[in-house]
There are 2 protein chains.
Amino acid sequence: MTEKKEKILQAALELFAQEGFKSTSTSKVAKRAGVSEGLIFRHFENKEGLLAAIIQEGEERAKMLFANIVLETEPMEVVRKTFEIAQMMRISKEAADFWKLQYKIKWELEQYGEHKMEPLQRALTDAFAKLGYESPHLEAQLLLISLDGLATRFYLQDDFDIDPVIKLLKSKYGI
Amino acid sequence: MTEKKEKILQAALELFAQEGFKSTSTSKVAKRAGVSEGLIFRHFENKEGLLAAIIQEGEERAKMLFANIVLETEPMEVVRKTFEIAQMMRISKEAADFWKLQYKIKWELEQYGEHKMEPLQRALTDAFAKLGYESPHLEAQLLLISLDGLATRFYLQDDFDIDPVIKLLKSKYGI
DNA sequence: TATCTTTGTAAGTGATTACTCACAAATGAC
DNA sequence: GTCATTTGTGAGTAATCACTTACAAAGATA
């Protein structure tokens, strides 16, 4: 991976997350990365290839993140660590950009990245089952759905105070 | 409102909801509406004006929808009717298009339409207070956030079975 | 050093974009 | 019927789009 190729990926991640995929031009990406526009096509073939590279890079990071949860055997810890992930978007600017891009892409290209969340959902289903919930699969779905909603507000509503809402939601799971 | 003007609004709603605002061209809208492209600019000045007209039309519809809830005094009925709204997107294709557009616009233009939901949130806060919840304001926020997450799945995940999840969520509020 | 491959650039390409403009048809008021 | 206004069209516009191409610089291998 050359230095300029990395610059392109970083610039594209920022711009796609800010302005969306379709409405970010390749010339803009090149300008922010400080390279010629042609270099984008040399490295990534076309604009979609650039997006694919960004998404793939992030999916590997997501896998690493979920691995920590999936291997957890203590059910309450599974739930607690799931909330931990939700709170992580607030830490690193790059992580926030990546997750924001995920949601933007969902709405822009209408492809729900179900598979990415599947291991987490299975771990949660298992945890809720162990905890004696009546419909563990539905409970797992509902928790992830609530976190989707939380992310929506977090990214789109400027003055949104996420912490007290997370705290309330946690309390409903006894955390 | 002339016939052709209405055709434009309808075509634009469909296309914006399907493909997004920025990546739907005015020529495409004109073609679907069966009018000349120039007529769009005659009636709406520019592309943003067309979007504004669509959104305004829908906001009035949303107000009417919420009015029924806001005037409700029985707190459990407020919560029940809120779920009723959530289930409405599944009925009419036009209503679905409108709400889908709302979410798409949120992510594309990053402007959260807070004000639109405010009367509903206040009614819910009031209801939860009457029902003796500890943090009625947060509870109202959390419920609306969960419904945001539900909408995300409903619109983006093809095989999503929304009914059992709504049923589970309802049960958590004693409905 | 000579040669081959990779990395990089600058100046293009035709297609599409939002939008304008000159003009015609329809409508309404008197 | 006449005139003014509104509604509508079709052929423009400059700017921008994703992408190509010809060619140069840099690195690696011998």
Side-chain angles (χ1 to χ4, degrees), chain A residues 1-58 97 100-102 104-111, chain B residues 1-58 97 100-102 104-111:
Chain A
M1 181 88 72
T2 65
E3 195 183 322
K4 298 208 169 185
K5 191 175 177 185
E6 284 197 83
K7 279 272 183 189
I8 292 173
L9 282 169
Q10 191 193 329
L13 172 58
E14 287 170 18
L15 287 170
F16 289 171
Q18 273 168 36
E19 329 221 350
F21 172 65
K22 284 180 190 169
S23 46
T24 297
S25 65
T26 49
S27 82
K28 214 171 180 178
V29 173
K31 214 169 278 175
R32 161 155 333 196
V35 303
S36 69
E37 197 180 349
L39 193 58
I40 293 174
F41 296 92
R42 166 121 297 152
H43 281 311
F44 304 99
E45 193 175 12
N46 52 35
K47 203 183 160 188
E48 296 222 345
L50 174 56
L51 177 63
I54 291 174
I55 288 186
Q56 203 193 354
E57 230 196 354
D97 270 354
K100 187 174 177 182
L101 176 62
Q102 296 297 314
K104 280 216 160 187
I105 292 298
K106 270 189 217 178
W107 279 103
E108 197 175 337
L109 308 181
E110 300 208 12
Q111 48 187 47
Chain B
M1 182 86 71
T2 64
E3 194 183 324
K4 299 209 168 187
K5 191 173 177 185
E6 283 197 85
K7 279 272 183 190
I8 292 172
L9 282 167
Q10 190 193 329
L13 172 58
E14 287 170 19
L15 287 169
F16 289 171
Q18 273 168 36
E19 329 222 348
F21 172 65
K22 284 181 191 168
S23 46
T24 297
S25 66
T26 50
S27 82
K28 214 170 180 178
V29 173
K31 213 168 279 175
R32 163 158 327 199
V35 303
S36 68
E37 198 179 348
L39 192 58
I40 292 174
F41 297 92
R42 167 124 293 153
H43 281 311
F44 305 100
E45 191 173 14
N46 53 35
K47 203 183 158 188
E48 295 221 344
L50 175 55
L51 177 64
I54 292 174
I55 289 185
Q56 203 194 352
E57 230 196 352
D97 269 354
K100 187 174 177 183
L101 176 62
Q102 296 296 314
K104 278 215 161 189
I105 292 299
K106 270 189 217 179
W107 280 103
E108 198 174 336
L109 308 181
E110 298 207 13
Q111 50 188 45

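Predicted, not measured: the structure shown is a model, and the values here were computed from it. First the proteins, then the strands, lettered A, B, ... as listed; each starts at 1.
- For the side-chain contact (heavy atoms from CB on, under 4.5 Å) test, no residue two or more places apart in sequence or in another chain qualifies with A/Lys31.
- Annotation: side-chain contact (heavy atoms from CB on, under 4.5 Å) contacts of A/Ser27 (sequence neighbours excluded): A/Ser25, A/Glu37.
- Residues satisfying the salt bridge (Lys or Arg N to Asp or Glu O under 4.0 Å) test with A/Lys100, not counting sequence neighbours, are B/Glu110.
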Worked verdict on B/Lys22 versus A/Lys22 for side chain to side chain contact (heavy atoms under 4.5 Å, CB included): CA-CA 8 Å; B/Lys22 284 181 191 168; A/Lys22 284 180 190 169; over 6 Å; no
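- Bracketed by its first and final contacts, the part of DNA chain C lying under 4.0 Å from non-hydrogen atoms of chain B reaches from C/dT17 to C/dT20 in 5' to 3' order.
- Pairs passing the ring-ring contact (aromatic ring centres under 6.0 Å, His included) check and including a residue from residues 22-51 of chain B, sequence neighbours excluded, do not occur.
- For residues 17-40 of chain A, every residue pair satisfying the ring-ring contact (aromatic ring centres under 6.0 Å, His included) rule, not counting sequence neighbours, is listed here: A/Phe16-A/Phe21.
- Heavy-atom distances under 4.0 Å link DNA chain D to A/Phe41, A/Asn46, A/Lys47 of residues 40-53 of chain A, given in residue order.
- In the region residues 4-33 of chain B, proximity to DNA chain C at under 4.0 angstrom, judged on heavy atoms, holds for B/Thr24, B/Ser25, B/Thr26, B/Ser27.
- The stretch residues 9-20 of chain A participates, sequence neighbours left out, in these salt bridge (charged side-chain N to carboxylate O under 4.0 Å, His left out) pairs: A/Glu14-A/Arg32, A/Glu19-A/Lys28.
- Shown here is B/Lys5, whose NZ atom has more than 12 heavy atoms of other residues, nucleotides or ligands within 6.0 Å.
- Pairs engaging residues 44-58 of chain B under the salt bridge (charged side-chain N to carboxylate O under 4.0 Å, His left out) rule: none recorded [sequence neighbours left out].
- Take A/Lys4 and apply the salt bridge (Lys or Arg N to Asp or Glu O under 4.0 Å) test, not counting sequence neighbours, and it matches no residue.
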